[in-house]
Amino acid sequence: MLGWWFITTALAAPNGIAVASATDIGSLVPLFVQNELDAALVEATQQSLVGAEFRCRLSYVPEIAREWEWSKDGLILSMTLRDDLTFSDGHPITTEDVAFTYGLIHNRAIDSNQRGYVERMVPGKGPLVIDDHHLEWHFTEAYSRDTQLAHVGTVAILPAHVLGELDPRAIAGHAIVRDPLASGAWQVADYQPGTRLVLEPNPRYFEGRPHLDQVTFRIIPDYATRLYELKRGGVDVVTDIDVDDLKALAEQPEISLHRRGWRSVDYVAWNLKNPLFFDLRVRRAMAMAVDVDRLVDDLLTVEGTRYGMGSVGTFTPELCDLRDETLVPLAVDLEGAKALMVEAGWIDSDNDGIRDREGRPFKFTLTTTNDNKRREGAANRIREMLAPLGIAVTVQTLETNQFFHRVEQHDFQAAMAGWSAALFVDPSRMWKTGGDFNFPGYSSDEADELIARGLSTHDPDRAAKIWQRLQATIYADQPYLFLYWMDDVVAVNKRVEHAETTIFSAFDELQRWRLRVE
């Protein structure tokens, strides 16, 4: 049996730390970010126009942009950029770089993750360059100013002088996707695919040198190996700790556990193009048969402490103003669920334990990834909970990239996945008819109208009422089997001080992290 012991210095530079990552780097170009690690590395290596703070709602602070103001009608946002910032090669950061970055997002030949950010910008004026340090953003309609600022301010800015001469379609395959020209506190010093990525300080960063000399991200796909490396001192940080391991880790004097807050949510998406899931009564019946509280007890509770809570939507509970205490999950009611199935025409005509209708048995495949023990465990428990309802579920696990490719192509029956919820409100990509992240194929005139109204409402209190109604509308329609929010836990060796593991990132403000002085 492996013992619990520590090496005083983790396998990194003497004044460095090592982080265990479950996945390899996808892309460090913000347009193509594929996972939470990519997003954290983009934040460490590159700057955006504005920074953010969070206390129940986002507020914004200057970064590349030092000031901004709106026109009275909310249709134009003017910005002034700092004139003393450069990329790591010494080239100044100017409005040309901002225009280039957003030009790529506008370009439909580029499959950008931020496409939804520019939908309400006037073509050719999103942004409009005035001079090297002044620009304007023109919008087709006035909408929530916080969301407008998130759309224009939170994308890391790319260097036009490096990428501007490339065919835009070639950028996704350019070396810069894993070795970006830095504008943030860190720059990539070394990248070995499938093995490690090493960050070192960017000497041109305007706020000064980070405290650490090096941060090494070791690619370790196997969770048990990541945990072993933490125990032996081979890494200093492991994210997404399973609750089953929390008690033992908490007893180790060299490890601290950090709770990040309610940002991650798990769900099952029903493919609403599949006839099995057409009928709302069927979707409600399945929600009434699945005991989410029991899932939280089984999968997200240790020593009486719950690291999960039931979900009724995809707006994080951390957005305090959007909470609606009257919106509660459907009660577990197996008999009521059976009655709904009969009402929808699903009966067990041949007494084989599986409901059928017009000769078709109610069977489906629930697909999830093969690298997440919690989701696989939840999928199997859901299979067991739906069996008494007369529904036969086959659980299928796929390699992560294959799984998400199929989900994006709507090539699934039911899919268990999760979101890292946005901290600003723009549900259009997820819930608007035709939204690119609307994986179930959900379509509701009422939801579309509420999304349009909510985004066009400037007053946060009035907007909150609209967003609460939207959550109630979507929950009533049950396009997802809404499961639970999770309070993610990060394990950090106590030799690391000022480790900020926050709602923003497991590696927030990495430039402020330092080693304990003995």
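Keep in mind that this is a model prediction, so the values were computed, not measured.
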Assess whether a salt bridge exists between [X] and [Y], defined as any Lys/Arg side-chain N lying under 4.0 Å from an Asp/Glu carboxylate O.
X	Y	answer
Asp348	Arg355	no
Arg178	Asp38	no
Asp298	Arg381	yes
Arg283	Asp477	no
Lys373	Asp242	yes
Arg263	Asp487	no
Arg281	Glu343	yes
Glu119	Arg115	no

Asp426 side chain to Ser428 side chain, donor-acceptor N/O pair below 3.5 angstrom: yes
What's the shortest heavy-atom distance between [X] and [Y], and which atoms?
X	Y	result
Gln46	Ala156	CB-CB, 3.7 Å
Phe482	Tyr475	CD1-CD1, 3.5 Å
Trp485	Gly310	CD1-O, 4.0 Å
Val265	Ser311	CG2-OG, 3.8 Å
Gln413	Thr365	OE1-N, 2.7 Å
Asn271	His410	ND2-O, 3.0 Å

Donor-acceptor pair, [X] side chain versus [Y] backbone, under 3.5 Å?
X	Y	answer
Asp448	Thr433	yes
Gln252	Ala248	yes
Gln471	Leu322	yes
Gln192	Thr195	no
Glu500	Ala506	no
Gln468	Arg323	yes
Arg259	Thr502	no

Under 6.0 Å from the [atom1] atom of [X], do we count more than 12 heavy atoms belonging to anything else shown?
X	atom1	result
Arg360	CZ	yes
Asp111	CG	no
Asp350	CG	yes

Aromatic ring pairing Tyr267/Trp419, orientation class (parallel under 30°, perpendicular over 60°, tilted between): parallel
Whether Phe437 and Phe439 hold their rings parallel, tilted or perpendicular, with breakpoints at 30° and 60°: tilted
Qualifying residues under salt bridge (charged side-chain N to carboxylate O under 4.0 Å, His left out), relative to Arg462, sequence neighbours excluded: none
Residues in salt bridge (charged side-chain N to carboxylate O under 4.0 Å, His left out) contact with Arg357, at least two apart in sequence or another chain: none
Ring centers of Tyr484, Trp262 separated by less than 6.0 Å: no
Output field: ring centroids His405/Phe412 closer than 6.0 Å: no
Gap separating the OG1 atom of Thr368 from the CG atom of Asn380, nearest 0.5 angstrom: 10.0 Å
Under 3.5 Å, side-chain donor or acceptor atoms of residues 329-342 against the rest of the protein: list the pairs with distances, not counting sequence neighbours.
{"residue": "Asp333", "atom": "OD1", "partner": "Glu335", "partner atom": "N", "Å": "3.4"}
{"residue": "Asp333", "atom": "OD1", "partner": "Gly336", "partner atom": "N", "Å": "2.8"}

